[in-house]
Amino acid sequence: MKGIIIYKGKYGATRQYALWLGEMLHIPFITAGDETKPQLEDADYIIMGTSIYIGKLQLRKWLKTHQEVLVNKRLFLFLVAGTPPSEQEKLQGYIEANIGIEIRNCCSFFFLPGKLEFSKLSLIDKLLLKIGSRLSKSKGEVISVTDYNNVTKEALLPMLEAISKKEGAVI
Ligand SMILES: Cc1cc2nc3c(=O)[nH]c(=O)nc-3n(C[C@H](O)[C@H](O)[C@H](O)COP(=O)(O)O)c2cc1C
């Protein structure tokens, strides 16, 4: 079975997961937009990785653009977020708000913990995060502005297991 990983992130967390997956599954990992049409069309299964900023998936537009090809494939999508994987309802809400039903129907979703290094953020992201954090407090939610790094290889295990079951991929 031929697989490919397409990912989009901003500060390295999504890329790190894509790189580990690529190494473990022996398949190419490509930044969204850099793939060729035949690469997508020839794949039997596609793993997509995206992070989230202020409720919006980085891959949102790419998913819409490529919907026609995607719906004929077996799809796996991992979402990298500050929201911990235990907050399933919130994370599921992100998926529903960003991805159309056509893709949701043929895609398995996995939630992976992200990382934040405040000093490395662009000025605009620093501002957005501070505003988001203040707004979330008033809603009784927490958006952290302090550094964290929860990116580990172990977080990939449930997804690897699902992929090897469905695709017979050898890890
Ligand atoms: C400006 C900003 C907004 C963010 N918004 C959200 C959000 O809405 N929900 C969430 O769960 N995490 C949010 N995060 C956390 C990121 O998704 C997390 O840092 C992730 O690891 C980023 O991955 P990347 O480096 O691959 O882009 C936000 C982070 C920043 C800096």
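Counting starts at 1 for both ligands and their atoms, in listed order. The first residue in the sequence is number 1, and the count goes up from there.
- Protein heavy atom nearest atom 25 (O) of ligand 1, with residue, atom name and distance: Tyr11 N, 2.8 Å.
- Ring geometry, Tyr7 versus Phe29: the interplanar angle falls from 30° to 60°, so the pair is classed tilted.
- Atom CD1 of Ile46 is separated from atom CD of Glu41 by 10.0 Å, given to the nearest 0.5 angstrom.
- Here Leu121 has side-chain heavy atoms under 4.0 Å from ligand 1, and that is the only part of it that gets that close.
- Of the protein's non-hydrogen atoms, the one nearest atom 13 (C) of ligand 1 is Ile52 O, 3.5 Å.
- Taking every heavy atom of Val80 and a limit of under 4.0 angstrom, the matching atoms of ligand 1 come to 17 (O), 21 (O).
- The part of Ser51 lying near ligand 1 is the side chain, judged by heavy-atom distances below 4.0 Å.
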Discussion item. Working note: Ile103 + Val71, criterion side-chain contact (heavy atoms from CB on, under 4.5 Å); need CA distance, chi angles, decisive distance, verdict.
Written reply: CA-CA 6 Å; Ile103 290 183; Val71 291; 4.2 Å; yes

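- Within a 6.0 Å sphere centred on CD1 of Ile101, other residues, nucleotides and ligands contribute more than 12 heavy atoms.
- Annotation: cation-pi geometry not satisfied between Lys120 and Tyr11 (NZ/CZ under 6.0 angstrom from ring centroid, within 45° of ring axis).
- In terms of polar-atom proximity, Ile143 is not counted as a contact of ligand 1, lacking any N or O under 3.5 Å from an N or O of the ligand.
- Ranking protein heavy atoms by distance to atom 12 (N) of ligand 1, first place goes to Gly82 N, 3.1 Å.
- Nearest protein neighbour of atom 18 (C) of ligand 1, counting heavy atoms only, is Lys115 O, 3.7 Å.
- Protein heavy atom closest to atom 11 (O) of ligand 1, with residue, atom name and distance, is Thr83 OG1, 2.5 Å.
- In terms of polar-atom proximity, defined here as any N/O pair under 3.5 Å, Asp125 makes no such contact with ligand 1.
- At least one heavy atom of Gly12 sits under 4.0 Å from some atom of ligand 1.
- Of the protein's heavy atoms, Thr14 OG1, 2.6 Å lies nearest to atom 26 (O) of ligand 1.
- In terms of modelled atom types and a separation under 3.5 Å, the side chain of Lys56 and the main chain of Asn98 share no donor-acceptor contact.
- In this structure, atom 5 (N) of ligand 1 lies nearest to the protein heavy atom Ile54 N, 2.9 Å.
- The side-chain heavy atoms of Phe118 and Lys126, taken from C-beta on, include a pair separated by under 4.5 Å.
- Taking each heavy atom of Tyr17 and Val151 in turn, the nearest pair found is OH-CA, 3.4 Å.
- Within the structure, ligand 1 has Tyr148 among the residues with a heavy atom less than 4.0 angstrom away.
- In this structure, CE on Met48 lies 9.0 Å from CD1 on Ile6, to the nearest 0.5 angstrom.
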Fill in: side-chain contact (heavy atoms from CB on, under 4.5 Å) assessment of Met159 paired with Leu156
CA-CA 5 Å; Met159 182 164 51; Leu156 289 171; 3.7 Å; yes

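- Taking every non-hydrogen atom of Gly9 and a distance limit under 4.0 Å, the qualifying atoms of ligand 1 come out as 26 (O), 27 (O).
- Polar contact with ligand 1: absent for Leu116 (N/O pair, distance under 3.5 Å).
- The two residues Ala32 and Trp62 come nearest to each other via the heavy atoms CB-CD1, 3.8 Å.
- In plain terms, the two heavy atoms of Val145 and Ser133 that are nearest each other are CG1-CB, 3.8 Å.
- Of all the atoms in ligand 1, the ones that sit under 4.0 Å from a non-hydrogen atom of Gly114 are 21 (O).
- Between Asp125 and Lys10, at least one side-chain nitrogen of the basic residue sits less than 4.0 Å from a carboxylate oxygen of the acidic one, meeting the salt-bridge criterion.
- At a 3.5 angstrom cut-off on N or O pairs, Tyr53 counts as close to ligand 1.
- Of all protein heavy atoms, the one closest to atom 7 (C) of ligand 1 is Tyr94 OH, 3.6 Å.
- For Lys10, heavy-atom contacts with ligand 1 shorter than 4.0 Å involve the backbone as well as the side chain.
- Residue Gly55 places at least one N or O, backbone or side chain, under 3.5 Å from an N or O of ligand 1.
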